[in-house]
Amino acid sequence: MKRLSPSMFAACFASLAALTLPSAAGEADDEVLLQAMRAELERTMEELVMEDLDRPYFVAYTVHDVELSGGAGVFGALLPSPQSRTRRLTVDLRVGDAAYDNTNFPFSPAPPSEATLPLENDVGEIRRRIWLATDHAYKHALEGLANKRAAFQNQTRSQALGDLGPAEPFTFAEDPGPPLPPVEQIESLALDLSRLFTAMPEIMNSRVGIALRRQRTYFVNSEGSSFVRDDPAAVVLAFAETRAADGTVLHDFVLEGGTTWEEIADRESLTRRINAMGKRLAARRVATDAERYIGPVLFEGQAAAELFAQVMVPRLLGTRRPEYPASYANNTRNLGNPFLDKIGARVMARTLNLRDDPTLRGNGFAGGFPVDDEGVPTRVTTLVENGILKTLLTTRNPIEGVDGSTGSYRGFGPVPSNLILTSRNGMSREEMLAEMMLLVEERDGEYGIVVRRLGKPGIQPSSTRASVGYRGGSGQINLQGPALAFKVYPDGREELLRGAEFAAVTDTIFKEIVAASAASTVYSTYDRYRATRSLMRRGFSGGPAATMHLFSVSVPDLLVEELTIREPSGNLPHPPIAAHPFFENPQ
């Protein structure tokens, strides 16, 4: 995974030229786009066929009408503000049949066809663009099916799962959401928040970026499903970096995600959190690094939520293993999600239960959506019960051991909505600390470790030591290191740690949880951090590839019985030779 440098962070908000935005998507757009999509869909299913070759058995058109706006600031200086509006078409066209088609084959010639549609509501021109994209998709689908048949013609398939699961026709439409705020309002907040760092001489680098998306998604397919769905997204990200006297790079961030401007633009709350981040970094500069430690670790608040997001969320996604010819078997044996083979097995402590609930809205839950990108209605799904994995979040792409789609397809695969982790035996914070100290006493240890903030994949400076975490074989996790951790002694005294990293973390860590709190932290983030990185680098530009899929987790504090923590590895960069120019001669 490529690291995000502060310069890349700044570039994402400066990369889009300021444009005059056409009127936002509304009822007129709905009527024109759906008319064009349905007309071309009908014509495709009736007329599109090459002599003696397969005709399409399934076609789906998706259009994302996206309006973007944002602002960014650095130490009180405003960066260029990105604004744009685009319409992107994606064509999913399949030949063959649902049991065996051109998909699920790694050597297909191209992904689903995409095209840019005009912003004007010109039915004729929109249909022309759809026609050309459909023609491209059809020819590549034929080539893909031919390649797939040739690769497997002398082989017996061990598992015939089929390539497209069934789904009942479903229709849905909702009204357009509110418009984006004026760009001046966004820039004002970014500027004011970035100015907070001018009072923090310890901070050598900082950025504040705000990005908002107003998206309307249109979908029709050949089975009779259709929907028009609003997909708004909003995020504020403040990043800060400092260095200790020996050159150790320390960083932290404030991330606020939601679906509307009102959800993220609490100036007072953001100011308080950024000031607290500055104080944390200043304190860490003079703290000591962790020593090698093996013992209980208590994850509280944001740290517990990030632990869950980094370790468990990717394993809850029912992504099918690619189907390779037999000659590739030795090289592809470990591909795919290891939890595909653990349905019915224990993957968490016996006291833990987990569900995905797309119906939740408000109270911090921002990941709900009514219908997925394949036109399948969403539903509450029990994923883990008493520690036992019951199912995974799935799409219409069949996987072994799961019966049908859970309505979780967004963008390019399954994503969660609102994940709720609960414990049957929730404790108070005092009881959690007491339980940790009992485990420390059993080991004749001097202290336990409490982690209150974890780093986040994709949000870290490029000049850190060697990669934080541990890489290994199947099941091992590159868990980000703590951004705020303490040694906690039996008398209640806390000692701040400057830096630390986790060693040999595997996906069995949730089986080793010995206690969980009664209270939970609700935390919003983005699917597999792919969209967060896209946000930093591209500012939501470019259609579905940069679409943010916001999801929320509700996670209690978690006590892990045994975890290895050690001093950060790798060489240290030299500190800057000259003083920070902003603080050398402050105005």
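Position 1 is the first residue of the sequence; numbering continues from there.
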Does some side-chain heavy atom of [Y] sit less than 4.5 Å from a side-chain heavy atom of [X]?
{"X": "L48", "Y": "P56", "result": "yes"}
{"X": "L255", "Y": "V235", "result": "yes"}
{"X": "T171", "Y": "S225", "result": "no"}
{"X": "D507", "Y": "V347", "result": "no"}
{"X": "M45", "Y": "V59", "result": "yes"}
{"X": "N104", "Y": "R320", "result": "yes"}
{"X": "R346", "Y": "F510", "result": "no"}
{"X": "D231", "Y": "R214", "result": "no"}

_Pair I126-V63, side-chain contact (heavy atoms from CB on, under 4.5 Å): steps then yes or no_ = CA-CA 11 Å; I126 293 172; V63 173; over 6 Å; no
Residues [X] and [Y]: side-chain donor-acceptor under 3.5 angstrom:
{"X": "R361", "Y": "N418", "value": "no"}
{"X": "D163", "Y": "N397", "value": "no"}
{"X": "S222", "Y": "Y61", "value": "no"}
{"X": "R129", "Y": "T116", "value": "no"}
{"X": "N337", "Y": "R315", "value": "no"}
{"X": "D30", "Y": "Y218", "value": "yes"}

_side-chain contact (heavy atoms from CB on, under 4.5 Å), that's the test. Do L419 and F308 meet it? Break it down for me._
CA-CA 10 Å; L419 292 167; F308 177 78; 3.8 Å; yes
_side-chain contact (heavy atoms from CB on, under 4.5 Å), that's the test. Do V311 and L479 meet it? Break it down for me._
CA-CA 7 Å; V311 174; L479 182 64; 4.2 Å; yes
Quick one: list whatever passes salt bridge (charged side-chain N to carboxylate O under 4.0 Å, His left out) with [X], sequence neighbours left out.
{"X": "D122", "value": "none"}
{"X": "E263", "value": "none"}
{"X": "R43", "value": "E40"}

Of all the heavy-atom pairs spanning [X] and [Y], show the shortest one and how long it is.
{"X": "S226", "Y": "V220", "answer": "CB-CG1, 3.9 Å"}
{"X": "A133", "Y": "V91", "answer": "CB-CG2, 3.9 Å"}
{"X": "L93", "Y": "Y138", "answer": "CD2-CA, 3.7 Å"}
{"X": "K342", "Y": "P338", "answer": "CG-O, 3.7 Å"}
{"X": "P556", "Y": "A516", "answer": "CG-CB, 4.0 Å"}
{"X": "F369", "Y": "P416", "answer": "CE2-O, 4.3 Å"}

*Taking only residues at least two apart or on different chains, which pairs with a member in residues 45-54 satisfy salt bridge (Lys or Arg N to Asp or Glu O under 4.0 Å)?*
D54-R149
*Not counting sequence neighbours, list each pair that qualifies as a salt bridge (Lys or Arg N to Asp or Glu O under 4.0 Å) and has a residue in residues 93-105.*
D92-R94, R94-D101
Any donor-acceptor pair under 3.5 Å from [X] side chain to [Y] backbone:
{"X": "E67", "Y": "S84", "result": "no"}
{"X": "Y523", "Y": "T525", "result": "no"}
{"X": "N102", "Y": "V95", "result": "yes"}
{"X": "Q83", "Y": "V183", "result": "no"}
{"X": "S552", "Y": "A366", "result": "yes"}
{"X": "S554", "Y": "I420", "result": "no"}

Presence of salt bridge, [Y] and [X], under 4.0 angstrom:
{"X": "R38", "Y": "E42", "value": "no"}
{"X": "D65", "Y": "R216", "value": "no"}
{"X": "E306", "Y": "K456", "value": "yes"}

I need the [X] [atom1] to [Y] [atom2] distance, nearest 0.5 Å.
{"X": "L89", "Y": "L117", "atom1": "CG", "atom2": "CG", "answer": "5.0 Å"}
{"X": "I264", "Y": "S269", "atom1": "CD1", "atom2": "OG", "answer": "12.0 Å"}
{"X": "S69", "Y": "Q185", "atom1": "OG", "atom2": "CD", "answer": "10.5 Å"}
{"X": "E120", "Y": "R87", "atom1": "CD", "atom2": "CZ", "answer": "8.0 Å"}
{"X": "D557", "Y": "T521", "atom1": "CG", "atom2": "OG1", "answer": "6.0 Å"}
{"X": "F219", "Y": "T90", "atom1": "CZ", "atom2": "OG1", "answer": "11.0 Å"}

Could I get the full list of side chain to side chain donor-acceptor pair (under 3.5 Å) partners for [X], not counting sequence neighbours?
{"X": "T422", "result": "none"}
{"X": "R55", "result": "none"}
{"X": "T395", "result": "none"}
{"X": "N425", "result": "none"}

*Sequence neighbours left out, what passes ring-ring contact (aromatic ring centres under 6.0 Å, His included) with F58? Give chain and number order.*
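For F58, no residue satisfies ring-ring contact (aromatic ring centres under 6.0 Å, His included) once neighbours in sequence are set aside.
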*asked:* side-chain contact (heavy atoms from CB on, under 4.5 Å) for M348 and L354? Distances and angles first, verdict last.
replied: CA-CA 10 Å; M348 292 186 180; L354 176 67; 3.9 Å; yes
*Result of checking V376, I399, T319, L317 against T394 for side-chain contact (heavy atoms from CB on, under 4.5 Å)*: I399
*Tell me, which pairs form a side chain to side chain donor-acceptor pair (under 3.5 Å) where one or both residues lie in residues 347-359, sequence neighbours left out?*
D356-S417, D357-T359
*So which pairs with a foot in residues 362-383 pass side chain to side chain donor-acceptor pair (under 3.5 Å), sequence neighbours left out?*
R229-D373
_Run Q215 and T217 through side-chain hydrogen bond (donor to acceptor under 3.5 Å, both in side chains) and show every step you take._
CA-CA 6 Å; Q215 176 171 294; T217 301; 3.2 Å; yes
